[in-house]
Every structure is written in C-alpha cells, then in structure tokens.
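Scroll down for the structure; my scribbles are underneath it.
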Amino acid sequence: MKVCILGDGLTSLALAKALVNKGISTDLFLSDNNKKQDKSRTLGISKSNIEFFNKNILNIEKLLWDINKIEIYSENLNNRKIIDFNNNYKRLFSIIKNHELNKYLVSQLKKNKFFKFKKKINSFEIIKKKYQLIVNCDKNNKITKKFFYRKFKKDYKSYAYTTIIEHKKISKNNVATQTFTKKGPIAFLPISKKETSVVYSIKGDQKIKIDELIRKFNIKYKIVKINRINCFKLQSSNLRSYYNKNILAFGDLLHTIHPLAGQGFNMSIRDIKSLMKIIDYKISLGLNLDSSICEEFENKTKHTNYIFSNGVDFVYELFNIENNINNDLSAKFIEFFANNKISNKFFIKLADEGIVI
Ligand SMILES: Cc1cc2nc3c(=O)[nH]c(=O)nc-3n(C[C@H](O)[C@H](O)[C@H](O)COP(=O)(O)OP(=O)(O)OC[C@H]3O[C@@H](n4cnc5c(N)ncnc54)[C@H](O)[C@@H]3O)c2cc1C
C-alpha cells in the first residue's frame, strides 16, 4: 500500500510524517517552483493542534514560543483595547518559525524507512496507477490545473507584509496584539524575549512605508531592528470539489483564508486529523487505502471548512465596512459581543478546535 504526496510545503511534510508514523509507505514529490525559505514567516498554532501534532506527527515543543493572552485594538476607537482573550495565563496558542518547522520535518522524514523524497514527476498517468492514494498539496502542477481549478474565490485586493522585529529584551513577551487599523489588521506575534513577528495586511498596492507603520502601531517594544519585509497578495479560496477519483486536494490548495485569524495551517492540521481518523478506521478493518477515503474526507470536512473560512471572512468584512463608511459601529459591536463571558469563551474554543460537530 503506497501513498503519494505532491508538493513540499508544510502541509505535505506534516501529512507525510503522520502517514509514515503509521508505517504507511509514502513518496513525496517536490514542487516544481522551488521557493527559497522565507525567514520572515511565522505560524500561530492552536493549543489543541499542538497536542495533536506532538502526539501524531512530531514533537515540536522545543520550537514553540507560547502566547497566553491576545489583545485586540481598534484604530477607529483611538487605538483603544476592545477585546482580551486569555486562558488564565496558560498557553492559548504558540508561535513557530516556518523555516524551522520545515527543516525539522525534513530531517526527521529523511531518517524514516517508509519515506522517500522524489524529484520529478515524469508522467501523471503512471503516478495515478502506481499509487492507491494521491494527496495533492501543490497549487501549480498539471493535476491541479486539470482537476482542481473550480473554486469559490475572493481577491482581498490586499497585500500581507511580514517581518521580524528585533527589540530590547522583554522578560515576559507572551502577549500577542492585533490592531484593526484603517488600512487593515496588524499583528505583533512574539517569538522570543527579543524578537516579535509582524504581519500587516494592507488594502491596495500603493507604495507604503511599512517600517513607519510598524513603528506607529507598535505600543510596547523598543525596536532595535526591523528585518527584511516580505510582501505577497492575499486571497481566499475554497475548492468546489475536494477530489477526483483517487486524487485528493489538500492544504492551502483546498482552502486559503485571510491571515488575520492565523488559522490557515490550523485548518490543515485539523484536516490531517480527520484524514488520519478515516485511514486508521480502514486499517483497523483490514481495508485498502483507496479512493473511498477521498469521498469520506470530503463528506466529513467540506461543510465545516467552508463555514469556518466564511467566518474569518466575516470578521474581516466587519472591520472593512467600518473603515469604508468611516464610523466605529462594528468595533463597538465586536467589543460588546466578544467581551461577554460566554461568547469570549466560545471564540477561544473556536480558534483552538475549529468547528466541532
Ligand atoms: C501572512 C500569512 C500569515 C499566516 N499566519 C498563519 C498563522 O499564524 N497560523 C496558521 O495556521 N496559518 C497561517 N497562515 C497560513 C499558512 O501560511 C499556510 O496555511 C501554510 O503555509 C501551509 O501551506 P501549505 O503547505 O498548505 O501550502 P504551500 O505549498 O506552503 O503554499 C501555500 C502558499 O500560499 C500562501 N498563502 C496562505 N494563505 C494565503 C492567502 N490568504 N493569500 C495568499 N497566499 C496565501 C502561503 O503563505 C504559502 O506560501 C498564514 C498565511 C499568510 C499568508
């Protein structure tokens, strides 16, 4: 029984590791456009996803920086804090550097006898016959262009700017902040006592001096250096069909969301959890890992993924409308709603576990 994964992003690597941990032979084909590792990128991973990752994929504790409080501010309300999320100062989620997670997964996969890196796909026809299950995480290959192009798509007409700022040491740098500015949301995500990652999503593509804006919305750090700033276009998408025969689309190819809630990779970890559950069940019954997995996976995850993606988009639009009509109603509405004890708990659970049905 052999599984093939197309693409070498974080989702591909994490899924491959989950499969080989079960003794399932897995070949992973590298993406064509070999991108350089972007050292400005970090990921927030939720508490329950970390627990799953540590237990079923790889123990990543040593790479994590814990966040135990989130503060949300609004520029429309004079940069006032409108929401606090905290878990009695215990871990809410943790931040990890993308390139460190990538490196660790690759090094551990290389040691595994069930795993092989493959360089180039000579023929998709041969691959379709050779493997019982093909998991496609590559947004740009021929299979994607042929079978996985129909999607619900939204262009945010925005760009995400990412960097890491170096600052004077802070003894407890464990509070993440996000300000909904008139230009878009800016998040400060601590990764050590002296470093904090910044993600600023800004509408339009005008030439903007990001470093000046970072300094403007920075409320607590004595900045020593702003590292290289990277920028890319933002969109959201949800595939209409998750599979074609024995080929399953996965990762950011399946769903891409606005980064304001830091949930894109978290959704993929939840997908890995669902897929592994289906695979475990098949193995326990002595069944083949075949195309039926794809259908079961779609039935199980498509509706919740769709609702979750739209929920993130809804929050984005709430603040966007506010900026367009130039008033502070939605910030006040969110302030009122999210500070209610029950809804505050609900949002923490939703960000941690996703939609649980
Ligand atoms: C600025 C930014 C910050 C993020 N922060 C978090 C986070 O804190 N927590 C989390 O769980 N996920 C986050 N994500 C999503 C996460 O980066 C991807 O889900 C993850 O890299 C897995 O990618 P992959 O292996 O499936 O695909 P890959 O093969 O790595 O390719 C996917 C590519 O698409 C990019 N991408 C992701 N979302 C968007 C988008 N909305 N618009 C345009 N491009 C996009 C990814 O950065 C990546 O380069 C963030 C995404 C962006 C763009």
Quick check: closest heavy atoms across [X] and [Y], and the distance to 0.1 Å?
X    : Y    : value
F93  : I95  : CE1-CD1, 3.5 Å
Y221 : N173 : OH-OD1, 2.8 Å
M276 : A18  : CE-O, 3.6 Å
L189 : T42  : CD1-OG1, 4.4 Å
N76  : K182 : OD1-NZ, 3.2 Å
K168 : V224 : N-CG2, 3.8 Å

A side-chain contact here means heavy atoms from C-beta on lying under 4.5 Å apart; do [X] and [Y] qualify?
X    : Y    : answer
L260 : F180 : yes
T181 : Y200 : yes
K220 : V175 : yes
H255 : F308 : no
S236 : H258 : no
I247 : K128 : yes
Q178 : I70  : no
M267 : S309 : yes

Rounded to the nearest 0.5 Å, what's the gap from [atom1] on [X] to [atom2] on [Y]? Could you check?
X    : Y    : atom1 : atom2 : answer
L30  : S12  : CG    : OG    : 9.5 Å
I134 : Y243 : CD1   : OH    : 15.0 Å
L13  : Q108 : CG    : CD    : 12.0 Å
K90  : L92  : NZ    : CG    : 10.5 Å
R41  : H99  : CZ    : NE2   : 12.5 Å
N102 : D38  : CG    : CG    : 11.5 Å

Original post:
With a 6.0 Å cut-off on ring centres, are Y73 and F217 close enough?
Top reply: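 No: the rings miss the under 6.0 Å criterion.
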Regarding [X] and [Y], is there a side-chain donor-to-acceptor distance under 3.5 Å anywhere?
X    : Y    : answer
N227 : E166 : yes
N230 : S40  : yes
S201 : S158 : no
T144 : N141 : yes

**OP:** Go through the steps for N98 and F265 under the test side-chain contact (heavy atoms from CB on, under 4.5 Å), then give the verdict.
**Re:** CA-CA 11 Å; N98 291 36; F265 189 52; over 6 Å; no
**OP:** Could you walk me through whether F52 and I272 pass side-chain contact (heavy atoms from CB on, under 4.5 Å), step by step?
**Re:** CA-CA 10 Å; F52 172 79; I272 295 177; 4.1 Å; yes
Subject >> Test log, rule side-chain contact (heavy atoms from CB on, under 4.5 Å), inputs Y159 and I202 >> reply: CA-CA 5 Å; Y159 285 79; I202 296 186; 5.7 Å; no
Subject >> Worked check of ring-ring contact (aromatic ring centres under 6.0 Å, His included) between Y316 and Y156 >> reply: CA-CA 10 Å; Y316 171 82; Y156 283 110; 4.7 Å; yes
Subject >> Hydrophobic cluster membership, Y281 vs L275, 4.5 Å side-chain cutoff >> reply: no
Original post:
salt bridge (Lys or Arg N to Asp or Glu O under 4.0 Å): which pairs involve residues 229-253, sequence neighbours left out?
Top reply: D155-K233
**OP:** Using the salt bridge (Lys or Arg N to Asp or Glu O under 4.0 Å) rule, collect all pairs that involve residues 57-76, keeping only residues at least two apart or in two chains.
**Re:** E61-R91, D66-R91, K69-E71, K69-D84, E71-K81, E75-K216
**OP:** Kindly determine whether N266 and I45 satisfy side-chain contact (heavy atoms from CB on, under 4.5 Å), including the steps that lead there.
**Re:** CA-CA 6 Å; N266 280 293; I45 306 185; 3.7 Å; yes
Original post:
Using 30° and 60° as the class limits, which term best fits the ring planes of Y242 and F297: parallel, tilted or perpendicular?
Top reply: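 Because their plane-to-plane angle lies in the 30° to 60° range, the rings of Y242 and F297 count as tilted.
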